[in-house]
Amino acid sequence: MIGIFLNENQTLVRILYLVHIIGIVGAFGPTFLYQRMHKAGETAAMAALHMKFVFPSLVILWVAGMGMAGINKFSLASTYWITATIVLWIAAMAVSWFFIKPAVSDTSPEASKKLNMGVGITHLIFVLSLWLMIFKPFVDNTYAFND
């Protein structure tokens, strides 16, 4: 909320950008270890990692992103690359909650399939979000590389 009132403060934007990047690493990085941890039977550690690190990182990612959008006074209705990324973030939260979270503490084959599907979808969301954030499509019908 404070970002809405500080339009000229680019230092705050840079801090939020750094926090946003750290949030990305925290939200998506551990998912690359989940399948290996699941096979090793480290379900308790994986469940703790997911609930105490991945979910909070997703929230931090959201807060920092919305802070930057507020400071820069982006109109979410006309900034399609941000709107699409918000939809992907909501999908990541849903996949994380409904597919990954229930499967991290279960070692059954069904849970393993659910975990693999959730992790695969999460990685696809990560790649699509990264593409949207870097190339910013739909900006004047051209691609703009991180202005």
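FYI, side chains are in, hydrogens and waters are out, and symmetry mates aren't considered; it's all heavy atoms of this structure. Keep in mind it's a predicted model, so treat the numbers as computed, not measured.
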### Message
Applying a strict under-4.5 Å side-chain criterion to I, L, V, M, F, W and Y, I'd like to know whether Val119 and Val25 cluster together.
### Response
no
### Query
Is Thr83 reaching over with its side chain to a backbone N or O of Leu76, donor-acceptor style, under 3.5 angstrom?
yes
#### Entry: Listed partners of Pro30 passing side-chain contact (heavy atoms from CB on, under 4.5 Å), at least two apart
Tyr34, Leu49, Phe53, Val54
### Other cluster members, Val87 - Ile/Leu/Val/Met/Phe/Trp/Tyr, side-chain contacts below 4.5 Å
none
### Task
Tell me, please, which residues at least two apart from Phe28 pass ring pair (Phe, Tyr, Trp, His ring centres under 6.0 Å).
Phe126
### Query
Shared ILVMFWY cluster between Tyr17 and Ile15, side chains joined below 4.5 angstrom?
no
### Query
Between Trp81 (side chain) and Ile134 (backbone), is there a donor-acceptor pair under 3.5 Å?
no
### Task
Output the distance between atom CD1 (Ile86) and atom OH (Tyr80), rounded to the nearest 0.5 Å.
13.5 Å
### Task
Flag yes if Met66 and Val19 sit in one hydrophobic cluster, no otherwise; membership is Ile, Leu, Val, Met, Phe, Trp, Tyr, and two members link when side-chain heavy atoms are under 4.5 Å apart.
no
### Query
His38: what forms a ring pair (Phe, Tyr, Trp, His ring centres under 6.0 Å) with it, not counting sequence neighbours?
none
#### Entry: Counterpart residues, side chain to side chain donor-acceptor pair (under 3.5 Å), relative to Gln35 (two or more places apart)
Asn116
### Task
Of all the heavy-atom pairs spanning Ala103 and Ala111, show the shortest one and how long it is.
CB-O, 3.3 Å
### Message
Taking Val13 as the starting point, is it possible to reach Leu16 by hopping between hydrophobic residues whose side chains are less than 4.5 Å apart?
### Response
yes
### ILVMFWY cluster membership beyond Leu18 - transitive side-chain contacts under 4.5 angstrom
Ile22
### Task
Could you tell me which residues satisfy side-chain contact (heavy atoms from CB on, under 4.5 Å) with Leu128, sequence neighbours excluded, listed by chain and number?
Leu88, Leu124
### Task
For Phe32, enumerate each residue passing the ring pair (Phe, Tyr, Trp, His ring centres under 6.0 Å) test, keeping only those at least two apart in sequence or located in another chain.
His123
### Task
Can you sort out the partners of Ser96 under side chain to side chain donor-acceptor pair (under 3.5 Å), two or more places apart, ordered by chain and number?
His50
### Query
Say you draw a straight line from CD1 of Ile125 to OG1 of Thr85; how long is it, rounded to the nearest 0.5 Å?
11.5 Å
### Query
Partners of Leu33 by side-chain contact (heavy atoms from CB on, under 4.5 Å), sequence neighbours excluded?
Met37
## Note on the structure
Heavy-atom closest pair (Met133 atom, Lys136 atom, distance to 0.1 Å) is O-NZ, 3.3 Å
### Query
Any side-chain heavy-atom pair from Asp106 and Lys114 closer than 4.5 angstrom?
no
## Note on the structure
Rounded to the nearest 0.5 angstrom, the OG1-CD1 distance for Thr31 and Ile100 is 6.5 Å
### Query
Between CG of Leu115 and NZ of Lys113, what distance do you get to the nearest 0.5 Å?
13.5 Å
### Query
From Trp97 CH2 over to Met51 CE, what is the distance, rounded to the nearest 0.5 angstrom?
4.5 Å
### Task
Quick one: which residue pairs count as a side-chain hydrogen bond (donor to acceptor under 3.5 Å, both in side chains) with a foot in residues 58-68, not counting sequence neighbours?
none
### Message
According to side-chain contact (heavy atoms from CB on, under 4.5 Å), who are the partners of Phe74, at least two apart in sequence or on a separate chain?
### Response
Ala69, Asn72, Thr79, Ile82
### Validation row: Leu132, Pro137 side chains within 4.5 angstrom (heavy atoms)
yes
